[in-house]
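These notes are about the structure you will find just below.
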Amino acid sequence: MGKAKMFAVTGRACHTVSLLSRPYYNIMDVAGGGGAPRDLRRKVVTLMSREYAEYDRKGTPVFRTAHFDASAVREKLPLASGGWLCLCGEDGSEVEHIRSELEEARAANAAKEVFLSNMSHDIRTPMNAIVGMTALAKKYIDEKTRVSDALDKIETASAHLLSLINDVLDMSRINSGRLRLSEERFYLSDLIHDIMTIIRPQMEQKNHDCQLDIGEIETECFWGDPLRLRQVFVNIINNAVKYTSAGGCIVIRFSEMPETDRCWLCFSCEDNGIGMSEEFLKRLFVPFERVDNSTISGVEGTGLGMSIVARLVEAMGGKIEVNSEEGKGTKVDIAIPMRCEQEEANADALEGKRLLVLEADEKLCETYRRYLGEYGIACTLVSSADEALSALTEAGFRGEEYDAACIGHVRIDSGSIYDIADYLHKAYPGLILILVSEEKWEDIEYLAGHSGIRHFIPLPFFRKSLIDGLVSAMEGERREDGLPAVPDLAEKHILLVEDNLINLEIAKEILGMTNAAVSAAEDGAAGVRAYAEAPEGWFDLILMDVQMPVMDGYEATRKIRSSGRADAAIVPIYAMTANTFAEDIARARQAGMNGHIAKPIDINALFQVLRQI
């Protein structure tokens, strides 16, 4: 065996011997020699340290040569480097245990190698798009259409690259035991709307038949971690989209199971995609595993998604069950216990009001009838634009005009719902128009504003979210005519605290779109000085980076809050940082910040905050 070292493991201790007969071996001789997997090498060193370790002046463990009887070797396992792992001793179960450890370590190493191979491809794919499209944008800088197309593709590739990085970071935190779940109040209708907004573009791209089935929901307000819940549900649905052929069907269901002191939130996603074999189902939650190699199938991902999902569901105290048949499809069921809160909607502002509902979906019509009927709200349901005009005309003749119109899925011969809204706005100027849609408000706000629509109720809605939306509209919380997607903050002052020059430039450009006056500070201490030197009430918002030299964002926020000024407790301060885990968000709250905006900056999320000031 030449210079190869041998490890001999018994039930009591570990011995090492070299054919070169050196009297001592330091930790690198043992842990580095022989080619044993790292996890197993650590175990060997730990065993040896119990009885045979001494330490040099630097504190490095060294090991005395121990007696080694070659005839006691029960088994020799070949290592990758050409060396051998020798198992000896009287305890056969210990030998079997070490052999099992070695095989597990080899399997883990093999999975990691596959993961690195896949990641090298999956990371290079969006990176190639970003680099290539950037070069094309520069080349055709004077051609607006080509530059716009290149930027759209860069944005898509960047989002995918960010999701890959987030998966790897999440798995790292889970494995190291640093995962923290937040507990905050959220509404189920908002969570479902966000999920459907995220996954709808991919479904439309593959022309999937997406069916959203909402069971009887009595509890709308829950306490938990909505970001992690969204991550779990979106991951499951994204898998269904990836592995279901174009034109396939995906059914998403939400329901609840109330108990005495809690409520189980139930979710299921069923598709008629490619399905999984029984063999793969056994490895479904193993990190780095995928149904097929993305370099062959073109389906990108880290192979960490389902492993993260399983760990998150377990951390929440929930249950997950997966049933699948190859060639027929997959169904995933998840149930998570949640602390819930019963809230009653206040419909006093709707008393005596008359509502016209433009909706062609029968299920939604039944939902309107049930919820509005419970509160005694008079409503007329029509399915087309012609029926709506007839109802408005008849109501005018009777002197019983409608106060508001909810515009949803409407049958129209030509044009769009915005054309209908524009006509109603001009013909019936006293009629409050409310859009009820699955769309994201920020994406349609400009069109809606120019069509006379002032209010929005996201789908799906439940009892309280519907009533609250109608009350908001009736109480006159209207937006200005033609409000664009970018808020106009011409009279507002914003303090931006950011040490990175590139991030500072990006943030200033985005904020400049709102016409707000922006003051910049290069670190937390400078931010505190800028706040202290400005008149009280001068700043309407402070955007605070967290990791900065001189003084970090948390300390800067604490100093502002404790400054004793009249506006110290009320000026909104938002963390704007790449620290996006639950404990980071909780730490920002504890420091006195009002909220958290993640980097890279989501412009729509930033604009949502800006609209509140």
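We count residues from 1, following the sequence as given. As the structure is a computational prediction, the values presented were derived from the model and not from experiment.
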Is the backbone N or O of Leu181 less than 3.5 Å from a side-chain atom of Arg228, with the two atoms forming a donor-acceptor pair by type?
-> no
What pairs with Tyr371 under ring-ring contact (aromatic ring centres under 6.0 Å, His included), at least two apart in sequence or on another chain?
-> none
Just list the side-chain donor-acceptor pairs under 3.5 Å for residues 315-323, sequence neighbours left out, or say none.
from	atom 1	to	atom 2	distance (Å)
Glu321	OE2	Asn323	ND2	3.2

Return yes if some donor-acceptor pair links the side-chain N/O of Glu326 with the main-chain N/O of Gly275 below 3.5 Å, else return no.
-> no
Under the 3.5 angstrom rule, does the side chain of Asp209 hit a backbone N or O of Gly248 as a donor-acceptor pair?
-> no
Are the side chain of Thr557 and the backbone of Gly553 linked by a donor-acceptor contact shorter than 3.5 Å?
-> yes
Side-chain donor/acceptor of Ser465 to backbone N/O of Phe462, under 3.5 Å = yes
Ignoring hydrogens and angles, tell me if any N or O in the side chain of Thr514 forms a donor-acceptor pair with the backbone of Leu511 under 3.5 Å.
-> yes
Of all residues at least two apart in sequence or in a different chain, which pass the ring-ring contact (aromatic ring centres under 6.0 Å, His included) check with Tyr187?
-> none
Checking Ser451 side chain against Ile453 main chain: does a donor-acceptor pair fall under 3.5 Å?
-> no
Could you check Leu227, Asp225, Leu191, Asp194 and say which one makes a side chain to side chain contact (heavy atoms under 4.5 Å, CB included) with Phe186?
-> Leu191
Shortest non-hydrogen separation from Ile250 to Asp271 and the atoms involved | CG1-CB, 4.1 Å
Residue list, salt bridge (charged side-chain N to carboxylate O under 4.0 Å, His left out) with Arg339, at least two apart or on another chain = Glu183
Please output the side-chain donor-acceptor pairs of residues 197-205 that fall under 3.5 Å, not counting sequence neighbours, one pair per line with the distance.
from	atom 1	to	atom 2	distance (Å)
Thr197	OG1	His193	O	2.8
Arg200	NH1	Glu438	O	3.2
Gln202	NE2	Asn238	OD1	3.3

Can we call the ring centroids of Tyr446 and Tyr418 under 6.0 Å apart?
-> no
Could you tell me which residues satisfy ring-ring contact (aromatic ring centres under 6.0 Å, His included) with Phe233, sequence neighbours excluded, listed by chain and number?
-> Phe254, Phe267
Please determine if Arg262 and Glu259 form a salt bridge, counting it only when a charged side-chain N lies under 4.0 Å from a carboxylate O.
-> yes
